[in-house]
Amino acid sequence: MRNFHQDAVIDEFEALTKDRSGVSAEPGTGGRTDPESFKACVPLVSHPDLDSYIRRIAAGDSGTTQGKPRYVPFNDFCFRMRCRVFPHGDGKALKFIYGSHEVRTSGGIVAASVSTNIFSSDQFKRTMKDIQSQATSPDEVIFGRSFEQSLYCHLLCGLLSYQEVQFIYATFVHSIVQAFRTFELVWEELCANIRDGVLSPKITDPSMRAAVSKLLTPIQLVRVDPELWPNAKYVHGIMTGSMEPYLKKLRHYAGDLPLLSFNYGSSEGVIGVNIHPELRPEEVRFAVVPDIGYFEFIPWRRIPIGLEEIELGKEYEIIITNFAGLYRYRLGDVVRVGGFHNSTPELQFVCRRGLVLNVNIDKNTERDLQLAVDEASKLVATENLEVIDFSSCVDRSAEPGHYVIFWELSGEARESVLHSCADCLDRSFVDGAYITSRKAKGIAPLELRIVRQGTFRKVLEHYVNHGASIGQFKNPRFIGASNAAVLRILCDNVVESFFSTAYD
Ligand code: AMP
């Protein structure tokens, strides 16, 4: 293993986090570098404000960026933090990662998702090798054109390197759950491939086939032990926020392996790192790296304040200014200050700002929806069933409108149970305005719609076909009116629906 100056990396972080006001107070605009001038000169923006500019850049206008990226040995640092708690041996990682398809814009710019750019960078590959985190799959699998084939080959490569695997990873843990659900279906075929040294004919992508076949020689007669990856130390990935609904299943698959939350970041920039790898996903906090961007925070209905002003226990929406030239961008995430590391805040992810179920004065967030689904899914669990995935919308086709919850289940549940689930969901929204409106019939009974198995897979495929990256996929928990295509997929696959009688 390359000798990192691990103490130097950690010392640098320690020094950096001691003075959050110093490092974050230099946003820099035309010579004026104080935060007040910055706020006065630069308006806050959200994605719709920038959409037309992004299209112009894509069409060939030159986009200028200002600021000099500070090189942060980010992966080294995070690896060191992890190793303090979960020491690594020499080895690799079973990574369920997927490069998305690159597109060439009308202006000739090649655009790809952030994760695709990262996975294909030479520096990233070198670092991964150095920190014993190289993927067990070759690039041909990671960048394969078919998701199904890549997933199958990821599993196969992970099994072939079963002794080397130090941890199991996906950027968003939805991909790990999805991989193990598939594993349950294809394990016999995988074993046969390993036994015979011949790759399944369903892998038709020529370069993937060639790369994986090279690894698969009949001499490698691996016995698939009940403990498949005996040297794995933990399961790693983003498991907070919209990934929380998959935690239960992830724990089931992880068995005794600890779950280690990945960092908090976005395509717009890294925000915070998990410097407490030992914390359970429900408790994890992300320490802001103060000089990796310029951060501001919007308190509830108030004007933005700086990193140095935010307070313990309060909730804020994040604004990011990054080195790539994005200024004062409203990320749409709400976070709570859960503590401090030196003087930099440690943030807990709360929810996405825009995701609210709302018919009149009621307001239920993604988190409220998740809590309601958690509660109601206990009823189907008594039937040995689980909620594979869920989403929601508001149906205003009749007055008054009502909440609709879509569920995909792992099998068929009895009608009486699903009726109780609809009641339970309805009662679990504890927002005072919702309860009052429901009692006063200002909101009609909640409707639980059960969709066919495989429906949420179709939703994923829809996004992927429109250029989204599988690895960054987050199932939309609320389908707004502007998302008619996804709503159609869900509605077309409804097999039965149940109205709540909770407030009759
Ligand atoms: P993307 O646009 O694909 O880069 O995704 C970025 C978004 O993913 C963030 O704005 C968050 O909403 C979510 N996200 C990223 N990291 C985390 C995390 N550790 N916990 C919860 N949500 C996260």
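Just so you know, ligand 1 is whichever comes first in the structure, and atom 1 is the first atom listed for that ligand. Nothing here was measured: the structure is a model prediction, and the numbers come from that model. These values consider heavy atoms only, across backbone and side chains, with no hydrogens, waters or symmetry-generated copies.
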Test side-chain contact (heavy atoms from CB on, under 4.5 Å) applied to S242 - qualifying residues, sequence neighbours left out: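 S242 satisfies side-chain contact (heavy atoms from CB on, under 4.5 Å) with E366, K474 once adjacent residues are dropped.
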Pairs in or reaching into residues 232-249: which pass salt bridge (Lys or Arg N to Asp or Glu O under 4.0 Å), with residues at least two apart or in two chains?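 Sorted pair list: E244-R367, K249-E386.
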Kindly state each residue pair satisfying salt bridge (Lys or Arg N to Asp or Glu O under 4.0 Å) with at least one member in residues 135-147, sequence neighbours excluded.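 Passing the test, one end in residues 135-147: K125-D139.
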Could you pull out every protein residue that has a heavy atom closer than 4.0 Å to ligand 1, ordered by chain and then number?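 Under the 4.0 Å cut-off, ligand 1 touches F172, I238, T240, G241, N263, Y264, G265, S266, S267, F286, D333, F349, R352, Q472, K474.
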Below 30° counts as parallel, above 60° as perpendicular, anything between as tilted: where do the rings of F167 and Y169 land?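 Perpendicular, since the angle between the ring planes exceeds 60°.
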I need the minimum non-hydrogen distance between E268 and N322, along with the two atoms involved.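 Shortest heavy-atom contact: O-ND2, 2.8 Å.
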Quick check: does any side chain N or O of R285 sit under 3.5 Å from a backbone N or O of E346, one acting as donor and the other as acceptor?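 Checking the backbone N and O of E346 against the side chain of R285, no donor-acceptor pair under 3.5 Å is found.
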